[in-house]
Amino acid sequence: MKKFAVIGQPIKHSLSPRIHSEFAKELGIDISYEAIEIAPKDFNSATKQLLENGYDGLNVTLPLKELAYSLADEVSQIGRESGAVNTLWKEKGKIFADSTDGKGLVEDLLNNQISLKDSNLVILGAGGAARSILPSVLSLHPKRLTLLNRTFEKSRALVDQFKASGVQIQALPMEEIPEGSLTGVINTTSAGVIGEDLILNQRIFQKADWSYDLNYSKETTYFNQLAKDAGIEVCLDGLGMLVGQAAISFKIWTGKRPSTNRVLNLIKSSL
Ligand code: ATR
């Protein structure tokens with residue numbers, strides 16, 4: 001039996017054990033998958049111990065993704081560009097790491113018939129979540145990508161990091177609106193979830209075809225409600241991305257790719 005876990009703090013409410021158990025059931029693979037709480041100060045020793053003591057793979061969630069990146073011996077290119085990873089495994093005595101969040105997002109967009117090629121996109125936020133999706137989003141060649149963030153310096157630093165991507169990428173202050181009609185707005189901020197309002201120019205929604213909130217909830221998320229109220233009809237939340245990134249991790253560890261639709265519907269109905 002293969003043995004996996006998701007590590008983070010807090011971790012009690014993680015949906016990953018359920019998602020991976022469903023994948024394993026579907027593919028007829030015998031696995032165990034636990035949720036293990038690890039504090040940042042214990043991360044290095046606890047994680048090495050798990051990987052040395054029979055765990056075939058670990059998913060890593062907040063606030064440990066950057067620490068996981070630093071711990072790993074070999075990191076995928078996307079992981080390096082993200083500066084954070086969510087998937088660890090051991091091979092030939094080394095710790096390997098990858099970041100599957102961005103790929104999970106773009107797969108979910110494709111599943112919803114949304115193409116990023118030649119799009120005029122906005123990403124709200126410039127923290128760890130924004131950085132982790134940027135390599136995958138840019139690889140699909142949007143025409144222009146605008147980063148809006150409350151702390152302008154942080155979005156400018158991200159633009160600097162990714163300016164060689166070949167995509168026209170710019171940072172603007174949060175209240176500003178990029179030129180032209182927008183294809184979509186992706187929210188990576190935690191505003192709303194942490195009880196604070198998201199201060200942005202509501203006119204941004206009038207110019208967009210769709211919104212995608214990396215957050216998810218049983219009801220419409222705070223951000224998607226803002227988008228809906230402004231008339232956007234296609235409002236997606238991050239549950240599809242969560243299941244998508246899990247499926248890619250599962251494939252890395254087992255070589256087998258689970259399908260995501262059934263599990264996504266199952267998880268959605270159990271929220
Ligand atoms: P994560 O890893 O989830 O991205 P993070 O690195 O702490 O977490 O980044 C949180 C992001 O949400 C940041 O872009 C933050 O803006 P600042 O850089 O100005 O802090 C953004 N954010 C959080 N609360 C916000 C709010 N109420 N309004 C606007 N942006 C907010």
Side-chain angles (χ1 to χ4, degrees), residues 6-11 13-16 38-40 43 59-71 78-87 97-106 108 121-138 145-162 169-178 185-205 208 211-217 221-227 229-230 237-242 244-245:
V6 59
I7 56 176
Q9 188 183 51
I11 203 64
H13 298 295
S14 170
L15 295 171
S16 294
I38 294 180
F43 175 80
N59 278 135
V60 183
T61 188
L62 300 177
L64 307 175
K65 292 182 183 186
E66 283 86 3
L67 291 171
Y69 166 76
S70 303
L71 177 73
I78 286 189
R80 288 199 301 276
E81 287 173 5
S82 303
V85 295
N86 70 341
T87 307
D98 200 352
S99 169
T100 67
D101 287 328
K103 291 181 234 172
L105 168 70
V106 301
D108 193 36
L121 279 186
V122 167
I123 292 181
L124 301 173
R131 191 172 168 201
S132 75
I133 63 166
L134 272 170
S136 304
V137 166
L138 291 169
L145 177 60
T146 305
L147 298 180
L148 302 181
N149 193 47
R150 181 176 60 182
T151 310
F152 182 61
E153 280 313 310
K154 275 165 70 179
S155 47
R156 211 166 51 186
L158 270 190
V159 166
D160 272 351
Q161 191 199 331
F162 287 98
I169 173 167
Q170 63 176 352
L172 291 179
M174 197 71 169
E175 328 69 57
E176 282 195 30
I177 299 185
V185 183
I186 300 173
N187 177 45
T188 74
T189 77
S190 39
V193 179
I194 53 170
E196 287 174 33
D197 287 346
L198 178 62
I199 310 298
L200 87 170
N201 189 332
Q202 294 282 326
R203 282 201 300 126
I204 202 152
F205 294 123
S211 69
Y212 195 108
D213 190 354
L214 262 54
N215 303 299
Y216 58 83
S217 59
T221 63
Y222 162 84
F223 173 76
N224 277 341
Q225 194 59 55
L226 293 179
D229 291 346
D237 75 21
L239 202 59
M241 171 176 165
L242 179 76
Q245 61 78 29

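Whatever order the structure lists them in is the order used to number ligands and atoms, beginning at 1.
Of the heavy atoms in N149, only side-chain atoms (C-beta onward) come closer than 4.0 Å to ligand 1. Only side-chain heavy atoms of K154 come within less than 4.0 Å of ligand 1; its backbone N, CA, C and O stay farther off.
Counting only non-hydrogen atoms, the option in G125, G128, A191 that gets closest to atom 8 (O) of ligand 1 is G128. Taking each of L124, T189, N187 in turn, the one with a heavy atom nearest to atom 22 (N) of ligand 1 proves to be T189.
A donor-acceptor pair under 3.5 Å is formed between the side chain of T188 and the backbone N or O of L124. In this structure, the side chain of D197 does not engage the main chain of I199 through any donor-acceptor pair within 3.5 Å. With hydrogens and angles ignored, the 3.5 Å screen pairs a side-chain donor or acceptor of S82 with a backbone N or O of I78.
Considering both main-chain and side-chain atoms, I199 never comes within under 3.5 Å of ligand 1 through any nitrogen or oxygen pair.
Contact detail for I177 and L172: the closest heavy-atom pair is C-CD1, 4.2 Å. Across all non-hydrogen atoms, the minimal contact from L158 to A130 is CD1-CB, 4.2 Å.
What sits closest to atom 9 (O) of ligand 1 on the protein, heavy atoms only, is G127 CA, 3.4 Å. Scanning the protein for heavy atoms near atom 4 (O) of ligand 1, the closest one is A129 N, 2.8 Å. T151 OG1, 2.5 Å is the protein heavy atom nearest to atom 19 (O) of ligand 1. Annotation: atom 10 (C) of ligand 1 to nearest protein heavy atom, S190 OG, 4.2 Å. The nearest heavy-atom contact from the protein to atom 25 (C) of ligand 1 is R150 NH1, 3.4 Å. Of the protein's non-hydrogen atoms, the one nearest atom 29 (C) of ligand 1 is L198 CD1, 3.5 Å.
Under a 4.0 Å heavy-atom criterion, D197 is in contact with ligand 1.
Among K103, K65, R80, the single residue meeting the salt bridge (Lys or Arg N to Asp or Glu O under 4.0 Å) criterion with D98 is K103. The side chain to side chain contact (heavy atoms under 4.5 Å, CB included) with I38 is formed by just one residue from the set L67, L64, I11; it is L64.
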*Determine, stepwise, if the pair R131 / E66 fulfils salt bridge (Lys or Arg N to Asp or Glu O under 4.0 Å).*
CA-CA 11 Å; R131 191 172 168 201; E66 283 86 3; over 6 Å; no
